[in-house]
Structures are given as C-alpha cells and as structure tokens.
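What follows is a set of notes on a single structure, which appears directly below.
Lettering of chains follows the sequences in order, A, B, ..., and the numbering in each one begins at 1.
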Amino acid sequence: MIDMDVEKSLEALRDRMYVNDDLKHKLRGNFIRKKRLNIARVAKPVIAAVICLIIAGYAFLNSLGTGKVSAASLKVENYKSLMSIGDGRNTGVSEHNGTIYVTAFESGILSYSDKGIEGIYSGNSDYVSISGNGKMAAVADKGSIKIFHMDSGRTEEILKGDGENEFYEQPSWLPEDRGILYTKRMGAKNTEGEIKFGNPEIYSYGFDTSKSTIITRGLYPSFIKGQDAIVFEREGNIMYKSLKDGSEKAIDEGCQPYASPDGRYVAYVRSDINTREIEKNVYVEQGLQDIYIADTDNFSIRKKITSNIPLINIDENEWLMNLEKSDEPQTLSYSGKYCYLYPVWSSDSRSIIAMRKEYPLDPRVRIKSDMVRIDLGDEKLSPEETVKRYLHAVASGDEDYANTITEGKGFQEGVKGLNITGFSVLDPEEKKGYIDAEILYGRDDKLYAKWENNRYFTAEKEGKATISEVKTMETVEVMEEGGIIYMKKNAGERTRMFGMEDIPQNYKAGSGSRINSLAYSPTVSSLYFTVENPSVNNGDNIIAAVYNLDNKQFTIIDDLKGDGLKVNRLAGDVKGDYVVLDYSATEKGELRSQTKVYGIKDKNVMGMKDFLKDEDVVSVGVDFWEGSELVLRVSATGQLMRIIFSPMKNQIKIL
Amino acid sequence: MKQDFLSLYDESFEDVYRYVYYKTGNKWDADDIVSDIFKKAFEKYPSVKGSPKAWLFTIARNAVTDYYRSKKNITVGDDDLELTFCADQSIKSTEELLEEKDNLDCLKKALACLPEEELEIIRLKYFSNLKYREIGDLTGRDEGFIKVKANRVIKKLREMVHKCLEGRL
C-alpha cells in the first residue's frame, strides 16, 4: 500500500531522532544548584569559619618551612588571553615547556610557541594531552584515542570507538608516560530505536600490556603524582580515589579537575551561588562559575583564581516593581559574564590554561571564546607591574582580570568605544603611592586619536597591590572633520593642524583621495596618517606619512600599491620609536592582510609574515603597543592567537 | 503562573536538541549550541512574557543562524540526515520493516527537497512539537497562515513520497 499517513510518519521520524541524554542530565545540574543552596545557606557561615581555622592552621605549618606554597597563598601574577577560538568548539589544550598545543576545529592540532605557530597533527581532534616527556600527544579523535609520536610523525590508534555508540575520550597521562587514563562512554539503542548512554567510566590503559582496566565511574580522570591516586568528576562533584585501597571521597562541588604535574595542586571549575532576600519570598541570586585550585594533601585549602562578573541584564528594582505578588518564592537570577572550561596545568605547574567564554548582554551577539593563561606565584607584584598588568588586561578586553586589580571598581568606563592602541608605564623614581602611565587610543569607526597621561593610585591588600583610584592628568585629542585635522588639548578649544590642501601634491591622486587613518605621538610631536588614492585602472595606492607639529613638515613613510588596498589600523608606540601599519590587499584573488613596522629613527621596515612559519597563517593584525613591544593577532586555521613582536630585538614570542 | 525554568528545561530539551541537530547535522555542534541556548535562556528567563517555549525557540533559531554564519558552505545532505536518525529495532515482520523503511526513506528525500521556509515549519511542528500559535509568534506570522501553510506542505510531501515510492515498484 503506497498511501501513507505523512503526519504519523513525521512523528515516527521524530521518535527516531538522536538526542544526547547524557548532555541533558549534565546540563540540568547547572540549573539545579539553587535548590541545594537553600539548605546550605544556613550552614555556610559555620563552614566558612571552619575553613578559616584550617587555613590558619596550615599557614602556621607552612611558616615552619615545609617548602611548599599552599594554594591559599598563591597569587595570580599574570592573566592573559592568548587566543580567540571563535565559537568555542575547541575543547583541547595542553602545554609542555612553554609550547601550547591546541585543537583546531576540523584542522588537527596547532603548536604555539616562541618559534611560531605550526600545524603538528592533521587528523581530527577533540581533545589533546601531551606526555610528561613532551614527545607524545594523546588525541581524542571522533570517539577513538590515538597516540601521536611527535618525533616520527607516526600515529597509532590504541582505543577504537565508532563515534556513535562508543566513545573513548579525555585521555590524560600516567606517571613515566607508561600509559593513559581515559573516559569510556557506551550507548545502546532502546526499543524505540533511540540511543541512550550509560554512565561514563574511567579506565587506565598500559602501553606494556595494551590492556584496559576499569577504575571507577566518572569523567575527566587525572593522576596525582606521588600519591597513587586520581581526581575525577562524577555527578557534579570533584572526586578523589586512592588506587591503593580503592576508597573514594568527594572533595568539592565542581567539574573538569586537572592535577598539576608536580602533584601539589588540582585545578577545577566550580559554580558559587549567592542568594539574598530583598523582600519576603523574593530573592536575588547570583551564580558565578570560576576556576579554583586546591592542595592535594588537604583539599579544603583552596583558592578562587578567576573573578567572574555577574551579567546584569535586568535591573533589580525594575524587576521588583513589575513583579506579580505571590506566596511562592520568586527569584531573579544572574549568571556570570564568563564561563570557564577545561583548566589544564602547564608542565612546570606554575600556570593554568583554560577556555573562557564571554556572554554578551544582547543574546543576538555571538559568544566570544578565548584561551587564557593564568600565571601563579607567591611573590608580590610591584605597583608598576600591577599597573602594567591592568592596562594590558583593559587593552585585551580581559575585564575579569582588570576587575581583580581594581577590586571591582572598574575604571574602564572612560575607554568604552575607544581602542587602546598603545601604553607605557613610567618608571617611578621613588615610592609615591601612585604610578603614571601614558595611553594612546584610537577608534575603528572614525578618524580619531587620543593621548592620556593617567595617574594610578595603588594600595596593598592581602599582600597584593591593587589600584584604588585613577586620575587623568592631561589629554590631547586629534580628530578629523570635513577633510581637516584638528587638535584639542585638555578642555581647550580645537586648533587646525592641516587639511587635504596642505598635503603635498605627490601624496594625492585626485579628487578621490582622502585621509583614512590617524595616529598621534606626543613624544616626537608627530601626527601619523595615511592617504588613500583609489584608482580604477592602475590599482590602488596608499601613502603612509608623518606630519611634524613643530616644523610643520610632511615626510613619506611608505608608498604602497596594489589591488583592494585598505588600511585596518595605524598605531605608533608611546615613545615615538615605531609606527605600525595594518592593511589588506587582494593577492591572487584573495584578500590578505599585511602588517609592517617602521622604525622612525632608524628607518628600518619589518614585515610580520616573515617571522611566522606556518603556511596556514591567513592574517596578522595589530592589537596594541605595550611599551615598545607590539601585541599582534595571528589568524591560522580558524584560530586567532596573540603573539608579541619586539622590533628592537627583531623577534617574536608568545604571550 | 509561569512554570519554573527546570520544568521548561525538562519539557523542551529534546525538542530543542532535535531541532538543532536536524539543522546542523553534527552531534558535536549540536551539543555546543544546545548548551549555549539553555544557558542564555536560564539567564533571561525571569523577564519572559508570553509562551516560554516560543521564546526559547527564538533563542535556538538565532543560535543556529550564528552557527551558519561561521560555516557559510555547510549543507545538510542525505548523509547528514542519515546520522540524525537511528534505525528502528522494534519487533516487526520483514515485510513491515521493508515497507516502513521505504516510506521513511522517501519521506527523508522529500524533506530534503523542501524550500527552507516549508522545512522550518515541519521542524518546528513535527520534530519540536510547537503549536501553530507558537510557530506564529516565532516567525511573526498569523496562526491561521501557519496552519494553512502546514497543510499545504503535508499535501506536497504526500505527493512527493507517492512519486518516490512509485519509482521503486
């Protein structure tokens, strides 16, 4: 019988469609914690007091010279976003001796180091872990686990999954690289034909026996060096299991634990929920996810090393005014602006590298995903270093770290709409309680440049320097209107600098010429600018030039010719030693970006692509000058990574 | 009174997942996108007025649109649809299984031939269990328009499946 009930058949198709029940259960746990907290709220002050006593006790013991710094004493010495990872579908990162290995979605594994960016593995990869000796990579590849030998390029598949019902995932290394730990997930079809996954299980695999041994139920296993034990995740808890006697205990709520290579610490992700009652039965709840580290010899000694910020998308008072009265509890919930994922330790156990997703207020705007590195130590940063770290964080858009340094005061309001194109912190001659810095700004939407001299007042809190106040001492703005460049100092009147008619004739091609970028350097009293000369027949032309404010002379820096030429950014360093031009041109039918650094005094010209080996490097773009070093964004195989170029040393290094 | 978020989550997770997985054809992408959808929904839920499910699918559609912007060349072909559906292993006779397989194979092919606007109505109505009114809210169309359109699409699918099955005899 050919005739069929289409609607029933569509429903039958629907019933056969795959749904990830494992994800459903796991994700639900993120939203369920507020119920558990209502019970824990009362007990919280008591628990906090007990933890304080334990921490105080261990601080005393440490002072006797055990030689180990407890997690509670570690400070965040530096925090940098290393690369943008697009929509965050990468889940793999590992580090060894300063080289970071990151999975590139559908493009294998990239290494990122001072030598440059290289593709090292071309297969598909969802997860990567580098061995202790740095010579092998355990790669999760569409349900299978493979060992990639970096010296020979050989790949061997040790655990084969089918990517549908059978998955081998999350490999991590055993001591002496004698094997791996991994997670196994098995699915089975029920009578309706749907695939249902069972609980994930942790196994060890020995290279000598080529055999797997089950350890326990759970995810994300990580071996603790020196203890014959593992940490792992199970049902929203961080678990510890002794491999000697098989005993297990929950050490905290959280997920994705990773033990440091030296065995001293474990890093993991935890969500903290704080609730306050604003009226009877009306609550405001703030749920923030952060990265924690804890001591492995006493897990109750722990420290939060990130500072998530609530995403305030609804005004509390407005919500309260519009609330319908009810006897049932009503809660306004805020989650964090950031979500931290998959923290891993560096091989020297001094840094943590993690994924950070940034959620915008407007749900139509894409979520930004970065890879961040958090450097830890027990030394106190100087006020000068603190201000440098703060300005780097603001220039990079790392609002969470910037807020740590200013203790939530957030002095970034003044820079909204402006890009920091360079900054330089002045060496303090003596300890005055403040640090002066010069900052250069630009805008992407119009010709504008600004210089500021700011004073950052520092204070010490809990052994670290913070910024308590920022005062602007002096400003100079440069802007364009109707083809004329103007300058304005502090709150004064604007003064005419020059117009198109003043620019030498050989810089221009005709009535279509226009100034299309602008930068200012107060130290050498100069305005940098570019003139765009579009041409229909002979290709485009861009003149990069400098106007000296003292002698009113124009000098050409560069004369570029090509098709589709477009300036993306022009920026000088604060000291006036260098200026960088970031532009695009059409080559062989494709739009390619170029970056050139010009030495103002030595007239040297350096092209950035000469320094980067990987043929997959698509573009190099400018972020900002940090002193006389240039922070660049390099785009390769879908990743956007940050590197530093030093024109003085003529070399690059990773952040 | 508005249902709490967890109830909406429990009721809608599978509908949202099917919608996203059918559109993207990729399990890993669907996992990521669905996680992001519910996280956004959790943040904004207190301010929801009207149908929570329609509102949830607004977020889902925007999330998938963003996904397509990052993968301009992606197409969902028959191979991807095959990954989306699991084979039925209930106890049926060989004849019944063969006939059912033919019907569903032809239905899948017919679905792949529909223009996007018509396929979207099928996804929302039959794979994600939205009501006509909710689909209307979501797409900015009148409920009556959606009903008429859906009936026409079903009729069109029936004709296409007939032709496909006749081709096999």
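Qualifying side-chain hydrogen bond (donor to acceptor under 3.5 Å, both in side chains) partners for A/Gln286, counting only residues two or more places apart in sequence or in other chains: none. Qualifying salt bridge (charged side-chain N to carboxylate O under 4.0 Å, His left out) partners for A/Glu316, counting only residues two or more places apart in sequence or in other chains: A/Arg276.
Note that the OH atom of B/Tyr9 and the NZ atom of A/Lys24 stand 7.5 Å from one another [nearest 0.5 Å]. If you take CG on A/Leu10 and CZ on B/Arg123, they are separated by 12.5 Å, rounding to the nearest 0.5 Å. One distance of note links CE of A/Met17 with CG of B/Asp15; it measures 10.0 Å at 0.5 Å rounding. Atom CZ of residue B/Phe42 and atom OG of residue A/Ser335 lie 7.0 Å apart, to the nearest 0.5 angstrom. Note: B/Phe38 CZ to A/Leu23 CG = 9.0 Å, rounded to the nearest 0.5 Å.
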Item to complete: For side-chain contact (heavy atoms from CB on, under 4.5 Å), just list the numbers for A/Leu27 and B/Phe13, CA-CA rounded to whole Å, side-chain angles, deciding distance to a tenth of an Å, and then say yes or no.
Response: CA-CA 10 Å; A/Leu27 189 61; B/Phe13 181 91; 4.1 Å; yes
Worksheet item: Could you walk me through whether A/Lys357 and B/Asp36 pass the salt bridge (charged side-chain N to carboxylate O under 4.0 Å, His left out) check?
Response: CA-CA 10 Å; A/Lys357 286 191 177 186; B/Asp36 288 345; 3.3 Å; yes
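Of all the heavy atoms in A/Arg14 and B/Tyr126, the pair that sits closest is CD-O, 3.1 Å. Annotation for A/Ser9 and B/Leu107: closest pair CB-CD2, 3.6 Å, computed over non-hydrogen atoms. A/Leu13 and B/Phe127 make their closest contact through CB-CE2, 4.2 Å (heavy atoms, listed as atom of the first residue, atom of the second, distance).
Annotation for A/Glu324: atom CD does not count as buried by contact number, only 12 or fewer foreign heavy atoms lying within 6.0 Å.
Top candidate by heavy-atom pairs under 4.5 Å with chain A, chosen from B/Val34, B/Ile122, B/Asn129, is B/Asn129.
Between A/Val6 and the choices B/Arg158, B/Lys155, B/Lys156, B/Glu159, the side chain to side chain contact (heavy atoms under 4.5 Å, CB included) rule is met once, by B/Arg158.
The parts of B/Lys39 that come within reach of chain A are both its backbone and its side chain, each placing non-hydrogen atoms under 4.5 angstrom from that chain.
Using a 3.5 Å distance cut-off with no hydrogens or angles, the side chains of B/Glu43 and A/Tyr334 do not pair a donor with an acceptor.
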